[in-house]
Asks: 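Take this structure, written in structure tokens, and hold onto it; I'll ask about it next.
Indexing begins at 1, ligand by ligand and atom by atom, following the structure's order.
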Amino acid sequence: MSIVIASDPTMTLAANAFMLMSIWKPIVLFAPFVGWAWMISTHLDKHAKRFFLGQEKWNAIHLAFGIAALVLIVALPVGGIAGFAAAFVGTLILLGLDILIFISITNKDERVPESQQMKMNMKDMAESRDAKKAAKMMGSSELTIVGANKMTIQPPQKDTPEFAVRVGAEQIVVKGYEAHASQIDILPANESTYAASYLVDGVRQAGDPIAAAEAIQMIDFWKKAAGLDTSDRRRKLTGEVSISGDSMSSATLKLNTSGSKSGMRMTMIFNPAEAVRRKVDALGLLEPQLDLLKDWANELEHTGGVVLLSAPSDNGRTTMSYSIMRLHDAYTSNIQSVEYEIEDALEGIKQIAWDSSADGPSFATTVRSTLRRDPDIVTICDLPDVETAQNIAAADLERTRVYLCLRTDAALKAIQTYVQAVGDPKLAAKGLRGVVASKLVRVLCGNCKVPYQPTPDMLKKLGLPQGKVGELFKKGGQVLVRNKPEVCSVCGGVGYSGQTGCFGVFPIGKEEKALIVEGDWNGLRAMMRKNGLPSVQQSALRKAVMGITSIEEVTRITTPPKSSSTSSKAKA
Ligand SMILES: [Zn+2]
């Protein structure tokens with residue numbers, strides 16, 4: 001920087017110095033804001049979005065810190081050098097603190113895989129990225145993949161592009177297997193990138209982003225392996241492959257692929273049949289609830305009637321309906337089911353997969369013709385339209401038991417949904433026998449869960465009796481090995497392992513029916529409470545008191561989901 005000395009040197013210098021001060025001060029004060037805003041827009045915001053960390057909440061927090069820094073500048077006498085320095089340092093501290101808080105909180109969040117945690121050191125970030133790239137380049141094919149034609153798909157020659165695709169496609173599956181995921185999804189994140197995510201015990205965890213071209217090659221690889229038409233990038237295709245490897249027991253992978261304008265998507269489900277194969281007493285029902293269900297199954301000679309099975313998507317509705325069907329004797333009763341997709345073959349049960357093609361019968365027609373054949377028990381996998389409900393209500397419900405699955409998140413809501421769909425409360429109420437509502441909570445990892453004493457205030461909030469609850473448990477994720485904390489090897493640091501159902505089972509008798517006919521929902525709610533049978537929430541709380549799950553899980557399943565994540569047609 002040069003200062004031109006004019007005719008009166010002292011005057012000009014002083015003036016220039018003053019000018020410089022007044023221009024530089026705002027610029028210097030502004031600089032931390034530029035860096036901070038750049039950091040948020042290029043890193044923090046994307047990080048929050050990618051790992052589902054509550055993007056809006058974090059933006060509000062960033063904004064609050066930004067405003068605090070501005071207020072500080074306005075409040076301090078910036079004209080003087082001391083005030084200016086204080087404002088500058090204060091701004092740096094406030095904005096830096098915002099970023100530090102984001103990094104330290106999100107790094108502890110289990111939704112962020114360890115390899116994806118943010119590091120303050122940019123050099124570290126670059127190094128770990130390079131190391132990952134190098135590892136991928138050197139990757140090897142570890143899995144044996146058996147395709148649709150029962151033939152093993154041989155890995156291509158090393159150093160070919162096909163080999164790299166195969167390694168990438170395998171790595172995604174191996175990662176899902178290691179994380180105990182039940183499902184892997186690969187779908188477009190934006191124009192140039194795809195994102196993989198893993199469903200672990202009903203909670204979604206983000207995986208690494210994949211370049212779009214690479215992701216499409218991987219999807220095509222799996223499609224080809226399953227014998228699907230890789231040129232069909234739009235329609236929903238379903239296939240299956242078997243995989244096994246040195247570090248992995250053999251597994252069946254079911255593939256669902258489909259496409260839209262934004263790109264292709266693929267869902268891979270690990271061992272789909274096993275996932276729905278559970279005995280009814282392993283579902284998580286409390287004893288009186290299980291007894292009630294068994295009673296309903298055994299009274300069949302006298303009564304049919306509709307039992308509503310309610311659970312939100314991904315909350316084990318199919319598993320519940322399969323287990324309840326198995327309460328009935330398939331050799332002495334005629335049991336049938338109408339399903340979108342047969343997830344597991346049930347012995348002795350006639351499972352009808354609805355033909356969803358355009359020229360096939362509608363779902364409601366399939367249900368009607370099934371009911372006309374006078375089966376003893378029919379399970380219907382969904383209520384997609386009012387016609388289906390009307391066909392059920394019009395069936396001979398004195399004779400036939402119908403288990404109807406609904407994507408609702410509470411028992412009362414299930415009753416309302418069914419009654420409204422039938423359109424005639426009297427007819428709907430007449431055929432109702434009961435309702436079973438369910439949601440899944442994650443089971444605390446027995447190896448690392450952490451006991452704690454709940455405060456009286458906390459017990460009061462939860463509606464738990466004082467003095468009767470000794471200790472509760474929360475997730476750990478770490479264990480002490482020779483007095484040093486290490487990541488728990490059982491749950492991989494997640495703190496949970498497996499899921500269990502929390503149920504509400506309610507009979508619908510004469511009094512309940514009268515309230516339904518009157519449309520007195522508040523009265524019905526009160527009646528269901530009066531019966532003393534635990535609701536889904538109460539069952540979940542009992543499981544927390546028993547040390548099976550955490551209060552955080554109870555809160556997670558009883559807090560209504562944000563509307564953005566609800567999809568009415570999502571898979572059960
Ligand atoms: Zn653990």
Side-chain angles (χ1 to χ4, degrees), residues 51-54 103-119 171-184 196-208 245-249 251 269-271 274-275 278 282-284 314-316 319 439-454 458 462 469-502 539-559:
F51 298 108
F52 318 105
L53 305 172
I103 292 175
S104 64
I105 290 182
T106 57
N107 277 358
K108 286 194 197 103
D109 197 301
E110 68 188 48
R111 290 169 289 197
V112 184
E114 210 172 324
S115 63
Q116 296 297 310
Q117 287 176 357
M118 291 190 107
K119 301 199 182 79
Q171 274 169 350
I172 283 188
V173 170
V174 170
K175 197 175 164 194
Y177 180 85
E178 284 170 353
H180 305 291
S182 57
Q183 183 180 322
I184 304 172
S197 69
Y198 301 87
L199 196 64
V200 181
D201 292 336
V203 176
R204 201 161 282 289
Q205 292 181 3
D208 297 321
D246 291 340
S247 57
M248 139 187 238
S249 54
I269 302 163
F270 282 95
N271 299 319
E274 258 169 54
R278 256 191 197 201
L283 289 179
D314 290 329
N315 270 263
T319 311
K439 278 182 188 171
L440 296 173
V441 287
R442 287 184 291 173
V443 174
L444 280 165
C445 170
N447 194 40
C448 64
K449 66 181 180 182
V450 182
Y452 67 98
Q453 292 291 328
M458 183 179 176
L462 294 167
V469 179
E471 55 182 15
L472 294 169
F473 288 85
K474 58 185 175 188
K475 68 167 181 148
Q478 291 190 324
V479 283
L480 286 177
V481 177
R482 280 182 229 102
N483 281 328
K484 265 179 149 177
E486 275 186 17
V487 171
C488 170
S489 58
V490 176
C491 63
V494 177
Y496 296 97
S497 177
Q499 288 172 294
T500 185
C502 301
S539 303
L541 267 176
R542 278 195 204 179
K543 293 196 171 189
V545 172
M546 287 151 87
I548 295 170
T549 193
S550 65
I551 294 298
E552 288 70 29
E553 277 295 284
V554 179
T555 312
R556 182 176 69 86
I557 65 153
T558 47
T559 311

Asks: What is the minimum heavy-atom distance between Cys448 and Val479, and which atoms define it?
Replies: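 Distance-wise, the nearest heavy atoms are CB-CG1, 3.8 Å.
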
Asks: Return the minimal non-hydrogen interatomic distance between Arg442 and Asp201, and the atom names on each side.
Replies: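 For Arg442 versus Asp201, the nearest heavy atoms are CG-O, 3.3 Å.
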
Asks: Can you see whether Tyr496 engages Thr549 through a side-chain donor-acceptor pair at a distance of less than 3.5 angstrom?
Replies: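 The criterion, which ignores hydrogens and geometry beyond distance, is not satisfied for Thr549 and Tyr496.
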
Asks: Under the side-chain hydrogen bond (donor to acceptor under 3.5 Å, both in side chains) definition, can you give me all pairs with a residue in residues 470-490, not counting sequence neighbours?
Replies: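 Residue pairs with at least one partner in residues 470-490: Glu110-Lys475.
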
Asks: Count up the protein N, O or S atoms sitting under 2.8 Å from the Zn ion (ligand 1), would you?
Replies: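 Atoms of protein N, O or S type lying less than 2.8 Å from the Zn ion (ligand 1) total 4.
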
Asks: Using atom types as modelled and distance alone, determine if a side-chain donor or acceptor of Lys543 lies under 3.5 Å from a backbone N or O of Gly501.
Replies: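 Such a contact is found between Lys543 side chain and Gly501 backbone.
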
Asks: Please tell me whether Ser197 and Arg204 have a donor and an acceptor in their side chains that are separated by less than 3.5 angstrom.
Replies: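 Arg204 and Ser197 do have a side-chain donor-acceptor pair below 3.5 Å.
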
